[in-house]
Student: 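Here it is, the structure, as structure tokens.
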Amino acid sequence: MAPELLNKVLVHGRRAGRIVEVEAYRGEHDPASHAFRGRTERNATMFGPPGRLYVYFTYGMHWCANAVCDEPGVAGAVLLRALAPLRGAEAMRRARPAARRDTDLCSGPAKLCQALGIDRDQDGADLVNGRGGVSIVDDGMAPPSNPVVGTRVGISVATEVDWRFSVPGDPNRSRPW
DNA sequence: ATAGAGATTGCCT
DNA sequence: GGCAATCTCTATA
């Protein structure tokens, strides 16, 4: 699912961006996943139906968003790590005054949430029918045929699996590859 | 009850 | 390149 989400469009209100970097998290069988030790109040959305948005708070100050990708009762999600701004760049700049260039607006999992105005209120939003305000749409651009593949970042366990995917060469990606 | 680390970012040197 | 911000959860006592 993770590489299939590349080049899809994340939409919240008038703001939208093309997904250019993701990471896969495999729930209860993945030591790096929030769901590894089972269901909690925080990660409950990951155990719900697929096609929903799992939003979590981390490091005491940041929100990050995932697309839930496994059947009800089975945790599994794709972390959205970077977007190429498509619409509403003005609003994104207002939401992220620290961004010096437009490539700083959505070039990280917490940056894109700040830019699009995603927080706890959007946790559980239905990405398919837009209920909850956030959706992921297919505007006809296919996923890259040769996505860049690498190890996940910011974790201390299960660092060996290549579950990070990005659109080759996109300047909005969160880090150098 | 309390300590420690975390799917990060921005500001500092 | 180092470090603070300070919520949520886990481990330990």
Side-chain angles (χ1 to χ4, degrees), chain A residues 1-6 8 10 12 15 17 19-48 50 52-70 74-85 91-125 127 134 136 147-167 170-177:
Chain A
M1 276 301 299
E4 288 295 314
L5 283 170
L6 293 175
K8 297 295 183 292
L10 181 68
H12 184 211
R15 288 172 269 185
I19 299 168
V20 298
E21 181 182 331
V22 298
E23 282 175 1
Y25 285 87
R26 299 201 65 191
E28 293 181 278
H29 300 290
D30 178 1
S33 170
H34 289 165
F36 182 59
R37 289 174 177 82
R39 181 178 183 142
T40 65
E41 183 175 359
R42 179 208 207 189
N43 66 25
T45 302
M46 276 186 83
F47 288 82
R52 301 289 177 83
L53 192 69
Y54 165 48
V55 182
Y56 66 85
F57 192 68
T58 192
Y59 290 102
M61 58 189 309
H62 296 303
W63 297 96
C64 295
N66 303 245
V68 178
C69 290
D70 215 327
V74 182
V78 174
L79 173 66
L80 307 178
R81 289 196 55 90
L83 307 176
M92 294 186 195
R93 293 186 198 104
R94 284 196 298 274
R96 280 187 43 71
R100 294 189 65 253
R101 301 164 299 173
D102 281 3
T103 49
D104 297 324
L105 288 174
C106 301
S107 57
K111 293 179 187 177
L112 71 88
C113 283
Q114 188 177 13
L116 266 65
I118 292 172
D119 61 21
R120 169 142 280 168
D121 293 342
Q122 282 71 43
D123 182 44
L127 298 167
V134 186
I136 290 180
V148 181
V149 178
T151 54
R152 299 179 293 183
V153 293
I155 55 174
S156 58
V157 292
T159 54
E160 69 284 355
V161 291
D162 287 334
W163 288 348
R164 184 184 186 207
F165 306 89
S166 76
V167 175
D170 194 289
N172 297 284
R173 293 180 298 173
S174 68
R175 306 194 188 184
W177 290 72

Student: Rounded to whole Å, please give me the gap between CG in A:N43 and C1' in C:dC7.
Tutor: 15 Å

Student: If I take atom CD in residue A:E28 and atom P in nucleotide B:dA7, what distance separates them, rounded to the nearest angstrom?
Tutor: 17 Å

Student: Charged N to carboxylate O below 4.0 Å: is that the case for A:R152 and A:E23?
Tutor: no

Student: Output the distance between atom CG (A:L127) and atom CD1 (A:I136), rounded to the nearest 0.5 Å.
Tutor: 4.5 Å

Student: Taking any heavy-atom pair under 4.0 Å as a contact, classify A:S174: base, sugar-phosphate, or nothing.
Tutor: nothing

Student: Verify whether one side chain among A:S174 and A:R81 offers a donor that lies under 3.5 Å from an acceptor in the other.
Tutor: yes

Student: For A:R96, which contact category applies under a 4.0 Å heavy-atom criterion: base, sugar-phosphate, or nothing?
Tutor: sugar-phosphate

Student: With distance as the sole test, does A:D30 use its side chain to make a donor-acceptor pair with the main-chain N or O of A:Y25 at under 3.5 Å?
Tutor: no

Student: For the residue pair A:H34 and A:Y56, is the inter-centroid distance of their aromatic rings smaller than 6.0 Å?
Tutor: yes

Student: Hey, which of these two, A:R120 or A:M61, hits DNA chain C nearer its 5' end, going by closest nucleotide?
Tutor: A:M61

Student: What integer distance in Å separates A:Y56:OH from C:dC9:P?
Tutor: 13 Å

Student: Phosphate oxygens OP1/OP2 of B:dA7: is one of them under 4.0 Å from a side-chain N or O of A:S33?
Tutor: no

Student: Assign A:A32 to base, sugar-phosphate, or nothing according to its heavy-atom contacts below 4.0 angstrom with the strands shown.
Tutor: base

Student: Would you indicate, yes or no, if C:dC9 has its OP1 or OP2 atom less than 4.0 angstrom from a side-chain nitrogen or oxygen of A:T40?
Tutor: yes

Student: How close or far is atom P of C:dC7 from atom CD of A:E41, stated in whole angstroms?
Tutor: 15 Å

Student: What contact category does A:R152 fall into here, base, sugar-phosphate, or nothing, at under 4.0 angstrom with non-hydrogen atoms?
Tutor: nothing

Student: Please determine, for C:dT8, whether a Watson-Crick or G-U wobble partner exists with both distances under 3.5 Å, and give it or none.
Tutor: B:dA5

Student: Are A:R37 and C:dA11 close enough that a side-chain N or O sits under 4.0 Å from OP1 or OP2?
Tutor: yes

Student: OP1, OP2 of B:dT9 versus side-chain N and O of A:H62: anything below 4.0 Å?
Tutor: no

Student: Grab the OH-P distance between A:Y25 and B:dG6 for me, whole Å please.
Tutor: 12 Å

Student: Would you say the side chains of A:D123 and A:T45 form a donor-acceptor pair under 3.5 Å?
Tutor: yes

Student: Whole angstroms only, please: what is the CZ-C1' distance between A:R81 and B:dT8?
Tutor: 9 Å

Student: 5'-most contact on DNA chain B: A:R42 or A:G108, nearest heavy atom basis?
Tutor: A:R42

Student: Between B:dT8 atom C1' and A:L80 atom CG, what is the distance in whole Å?
Tutor: 15 Å

Student: With rounding to whole Å, what would you report as the distance between B:dG10 and C:dT8 at their C1' atoms?
Tutor: 22 Å

Student: For the pair made of OH in A:Y54 and P in B:dA7, what is the distance, rounded to whole Å?
Tutor: 10 Å

Student: Verify the stacking flag for A:Y59 against C:dA5: centroid separation must be under 5.5 angstrom and the ring planes must differ by under 30 degrees.
Tutor: no

Student: Students often get this wrong, so: under 4.0 angstrom with heavy atoms, is A:I155 touching a base, only sugar-phosphate, or nothing?
Tutor: sugar-phosphate

